[in-house]
Every structure is written in C-alpha cells, then in structure tokens.
S.K.: 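Have a look at this one before I ask anything.
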Amino acid sequence: MPEPERRLLPLLGRHSGGRDAMTCLYRCGNACDHPAPNQSGNAYFGDIVNAAVSRRGLFAAGGAGALVLGVGGSAVPAGAAPSAAPAPAPPKGGSALTFKPIPPNEIDAVLVPNGYDHALVIRWGDPMVPGAPAFDLDHQTGETQSKQFGYNNDFLCVVPIPGSDRRALLVSNHEYTNEELMFPGFTTHEALPVEQVRAAMAAHGMSVVEIERVGRTGQWQAVRGKRLPYNKRLTMLATPFRADGPAAGSAFLRTVADPRGTTIIGTLNNCAGGLTPWGTALSGEENFNQYFVGGDAVPEADKARLNRYGILTTARYPSGSRRWERAQERFDLAKHPHEANRFGWIVEVDPLEPGALPRKHTAMGRFKHEGANVIVARNGQVAAYMGDDERFEYLYKFVSDKRYRPGDRRHNLTLLESGTLYVAKLSGDSPPAEIDGTGRLPSDGAFDGTGRWIKLVSGTTSFVPGMTAVEVLTFTREAGDKVGATKMDRPEDVEPSLQSGKIYAALTNNTNRGVGTYPGVDEANPRVANKHGQIFEIVEDRGDHTGETFTWSLPIVCGDPNDPATYFAGYDKTKVSPISCPDNVAFDSSGNLWISTDGNQLGSNDGLFATAIEGPERGHLKQFLTVPPGAETCGPFITADDRSVLVAVQHPGEMTGATVDNPASTWPDGDYAKPAVVVTWRLDGGRIGS
Ligand code: FEO
Ligand code: CA
Ligand code: CA
C-alpha cells in the first residue's frame, strides 16, 4: 500500500530512559529522572559465587508437558483465530523465516517486507458502539470518547467468536494520553477545560472491537453497523471493575466512594497483557503512580509505601501531572489516600460476555504490571508469568489453586482468583569476575544460570516475615525486597511459548545498571548502563510450570550486531538485524519468537522482529516491520493460522515540540498523528514469516 515517504525532523529530545522526552513525560511521568524506587538493600547476585554446573542440558526438552488448549478446550493455541482457507501445516522445530528484513529507517510510514501488505484495522477516535459520533478533533468530550476507540493502543489480542469462521474480537489496551497531540491549542494541563480532562480519562482503558476477515486474505477490518453486541469501551471515566481475591475488600482498598473496597472505577495505564486459554484478556496496570497528586499531604507513616511505587510525596504535583483531580477528586491522595492502592493490578476482561463485569485479581499482586501470560501446566493448574516494568524490579509467577477444566468456561473464569504468588531469585553459573559489565561473554560461552521461585503468599497465608497476606498482595514490591528477589533490567512482557513451554522475558534496558550507587551487573543483567536490553529465557525444571526451580539464559543481548557487546544465540552476527529496547514478545505457530521494540537507541524507528528460537536458525533475528517516527511497536499478535500479524502503533509522532497543529508525523491519514492498530498479511495468502 503506497504511503508518503517523508523525512522527519531529527529527534529533539532523546531522554536517558531511551525514548523522546515527550514520551517519557506522558507515559511514565519521567520515571528515569527520579531515583529508581527500589532502594532495598537486598543483594544482587553478581557477588554470589555459584559453582553449580548449568543444568540446561538436562532439561533441554523444555516444557514438553505443557498443555496447549484453546478457547473452549479445543487443542489449538491460545491465539487461535478463525481461518477462511486451509493453510499448510507449519514446519516443526522453529522454521527459517524467509522474508527479506526491513532495514533501519526513519520513514513516516509503516513498512513491511516485499510480498506483504498492511492496512489499518481501527484508529484513535473511530466510532465503536451504536450511536457513537464521528470523531471531531475540536469537540472531544468524555461522552464522545467513551464511544470511540481510545488513545495509545498497546496490548492486542484476537479472540475467535465461537461459531463464526470469519469474525473475531480484537481487544486493545489504551495506555496513556498525550494531550499536546490530542487537543488543538493545548497549553497546560492546569488550563485544559475539564471536559477535555474527562475526554482524556475516557481515552484511557481498553476496547473490545468486533473484526471481520476481508475476503480470503489475512486482512481484518473493524465491523461497522448498527448491531455490534460485543463492542465496548472500558474507560477511566466510568467503568466499574470488581476486585476479587484475598486483598479485595481490605482496608487498603476502601475509600469514601467504595466503603466495601471491591468496586473500582476504571483501569489505568494498561500496558501489555495476555490471552488466556479460556478466551479472556489479561491486562497490566503499569505506571499508575503519575496520575495522583497530594502525596505530600498523606501521613508520614504511609509515605514509604507510596514512594516504593514511585508516587511523589515531596510535592503536591508530579511532573507532567494531568491534573485529573480537577475532574474527579479521587486522584487527590490528600483527600483519598487509598485510591492509589486500587491500581497496579492485573485485570481480566471477558470479551465474549458483553455484560460481564471486568475484574481486578488481587491474588496476582500489585506492582507496575507490564502484563501477564498464562500457560496450563501438566497437572492442569495454570501459571501466569509477569514482569514489573521499572529499573531494578522483579519477575513474578502466579500459580492457580484450581485446575483448568477443558470446556468449563465458567469454572476457568475463576482460576486467577486464588493461588500462590512467587518472585524470581537468580544465580549465575560463571565466576562474577567474568561478568565485567562490557557484555563480553563469560568463558563458558553463555550468560546463564539457575533460579528459584520464592513463595511470597498463598491464599491468605503470607510467607514474608512481618507482612500479612493482604500486605504482600497490595505492596508486593516490598515483599520482593524482603525475600531478596533479583533486581532486573526493567522486565516488560513475559510470555511462555506454547510450543516449547520455555518462557521469554523482554528486559528492555536499564541505563542506571552499575552506575553510581545503583546495583552493579550480574550474569542476567550483564551490561553497565544497559541501553539496548536483552531477552531472558526461562526453562522450568522438569517442564513443570508449578515448580519452584528453573534454569535461565540470555539468548539475545540486544544492540547493533557490530557491537561486540551483543549476542544473538551464537548466530552469525553479519546476518542479523540491529535491535534495541525489546518490549513485547509473541509466538507464531511454528514457535518463532517475535519481538517488538520501544525506544530504539540505534537511530531507527521502532520495529517488529522475528527469530527462530530452536534449532540451527536460533538467533537469526530479522526486522519484519517498522513504525513511524516517535512510535513504539506494541501488541504484536500472530493469529493461529499464521495468516495475520497485528501490531499496535502507539504514540506516532510523539517528539518534543510536536503538537496536533504542528505534527512530527502525519501517519496514518496525512493530517496529524493517530495511534492505530495495523494488520499485516502475505499477498500470496501464505503463512507470515515462513
Ligand atoms: Fe508500558 Fe512497560 O511499557
Ligand atoms: Ca555462564
Ligand atoms: Ca510495554
């Protein structure tokens, strides 16, 4: 599809955190300008000598016992989508990816390889529910935005509609807003009319959109019409969520508006997520801290817990504050000190039940949740793998009490309400002296080692000295500190491969690693001032997702392949694409690993990459797609028939100095930048990538 090729303004405001300063301000409240909230003294393992021999060889068969179950219990991957035409069976063991890689570029367009096409599925402001008005840039209100697709789409998944082979439901997160790129004439948040504040609140949250296949291709488009029974917006403005699990109803969650502590309005700063085997979407509430004001006025005794989550307690307003307390008083902690405790959870949304109340699962802990991805263990319990995306934060695993029952959706909807929460503690197997901070491989040829899942809480039983179960679940970071969890380089998306059972985490970057008084390098986080990030692979011992021990390694240490401080699973580095700041991971049905990036530090637009992760092609990473300047590549979701790759183009044109009137990107419509969901397919109808 032809798109204008236009060279754009150079980035004006690269920020220490990796992205343009404007993105840092609005997405996470300039988290990188503040000291990392993890000030705990728990040891990093770089100073622990572990002479254990890697057990990788013993368990190389990976998670052979993991069940692969689809919606309704059929034996298909969780990412199943209806297929219009039969496609040949995928090759086994990780296929060679045949597309010609997209080179690094700064073009104001979505670029896909020759032989592929792409199209918009839905964009910010598109009407979504019956009666929704057409988007009107100059007259946005809370009411209109509540009926239109929200801003800054991030996580994506596609849920098949039972009984239909051509229709499915797209679920999308809307992480945050950038009022400078949304409202013409924007000056300051203090001066923004309250009705526009309400519009911005409504632009946060999630969307469920019915989509349909176009002909027999891999293209999907949003269904338009008067009858759209599944379509819904979940917003920060007005959508009630029900808290469940052991911390629901606790004193920490009670407020004046909700004295029972079980009904929370809205979901906030939703980043990545996951599709469950029973066809629901999980979504992580991430940088919720930046939305609250008045932290300076809370009782002194409560400030440490707010600080641990990055909530400012030294002044009334954090930098970039959207001043939501002007529209809803609950965002003022001076008046409603518990409101912040009601965010930072994993939420579960059932797209197939339009009237179902979305839920917040307190059993899965509270932190800056990037997302959660579920796999069914051999014994039927389900494990959810999760990252806390901030510098020096932790990796977590939740294991359900109950077991998955194929076909019993009502039962499966309760699986994440009770279980055991663990945090990861790692050891390296190389001498610490060989981890010198440059990224040079140790003498055994691998950054690798062993790990333990430390039990934090199980149901209402706490395993953390000095903390109750409710405290562990509500102040989970503090619990991780107390048990000495391993401080990681910003754990973003964590996802198990349903083909191998191995788990992959994107550790996006950590420019504070080993700098000043911050923790030094260790074998899992081996580079000082880590700008480019790494991929972290977990292999559960005996392939048991309910177990407490695992081995780990770094198959990819990101950056320019010409940089000796990079590693691509030993593959010939002259043949791989440069990659920086991995963020989201996904798998196709061959088990190839797909990685999207956020904050490319190599001077290119962000992109989507793919590599085989088993066999001789392991590490042969190639760039499949790039997004416009200022944007990050989110979502990625590959349908189970491998015919379609969907990506969320988040914050296009978000570059310092840009406004809606003076945009830095005109993607996708040639006027001003709009976040949008894009689908890519192969013109010859074949499987994507192969
Ligand atoms: Fe919203 Fe962790 O990126
Ligand atoms: Ca090693
Ligand atoms: Ca992310």
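Every number for a ligand or one of its atoms is a count from 1 in the order of the listing.
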S.K.: Does any N, O or S atom of Ser553, backbone or side chain, fall under 3.0 Å from the Ca ion (ligand 2)?
M.R.: no

S.K.: Under 3.0 Å from the Ca ion (ligand 3), can any N, O or S atom of Asp583 be found?
M.R.: yes

S.K.: Can you name the N, O or S atom of Glu523 that is closest to the Ca ion (ligand 2)?
M.R.: OE2

S.K.: Can you check whether Val528's main-chain N or O pairs, donor with acceptor, with Asn530's side chain at less than 3.5 Å?
M.R.: no

S.K.: Would you check, one step at a time, whether the test salt bridge (Lys or Arg N to Asp or Glu O under 4.0 Å) holds for Arg490 with Glu390?
M.R.: CA-CA 5 Å; Arg490 288 189 56 196; Glu390 189 143 25; over 6 Å; no

S.K.: Is there a side chain to side chain donor-acceptor pair (under 3.5 Å) between Trp552 and Asp448? Walk through the geometry before answering.
M.R.: CA-CA 5 Å; Trp552 63 266; Asp448 61 351; over 6 Å; no

S.K.: Which atom, among the N/O/S set of Glu286, is closest to atom 2 (Fe) of ligand 1?
M.R.: OE2

S.K.: Looking at Glu370, which of its N, O or S atoms is the nearest one to the Ca ion (ligand 3)?
M.R.: OE2

S.K.: Restricting to N, O or S atoms, which atom of Asp448 is closest to the Ca ion (ligand 2)?
M.R.: OD1

S.K.: Given the Ca ion (ligand 2) as the apex, I'd like the angle to OD1 of Asp429 and OD2 of Asp444, rounded to 10 degrees.
M.R.: 80°

S.K.: To make sure I understand the geometry: which N, O or S atom in Asp389 is closest to atom 2 (Fe) of ligand 1?
M.R.: OD2

S.K.: Is any N, O or S atom of Glu286 under 3.0 Å away from the Ca ion (ligand 3)?
M.R.: no

S.K.: Verify the distance test for Asp154 against the Ca ion (ligand 3): any N/O/S atom under 3.0 Å, yes or no.
M.R.: no

S.K.: Under 3.0 Å from the Ca ion (ligand 2), can any N, O or S atom of Glu434 be found?
M.R.: no

S.K.: Between atom 2 (Fe) of ligand 1 and Glu370, which N, O or S atom of the residue is the nearest one?
M.R.: OE1

S.K.: Given OG of Ser430 on one side and O of Ala446 on the other, what angle do they make at the Ca ion (ligand 2), to 10°?
M.R.: 110°

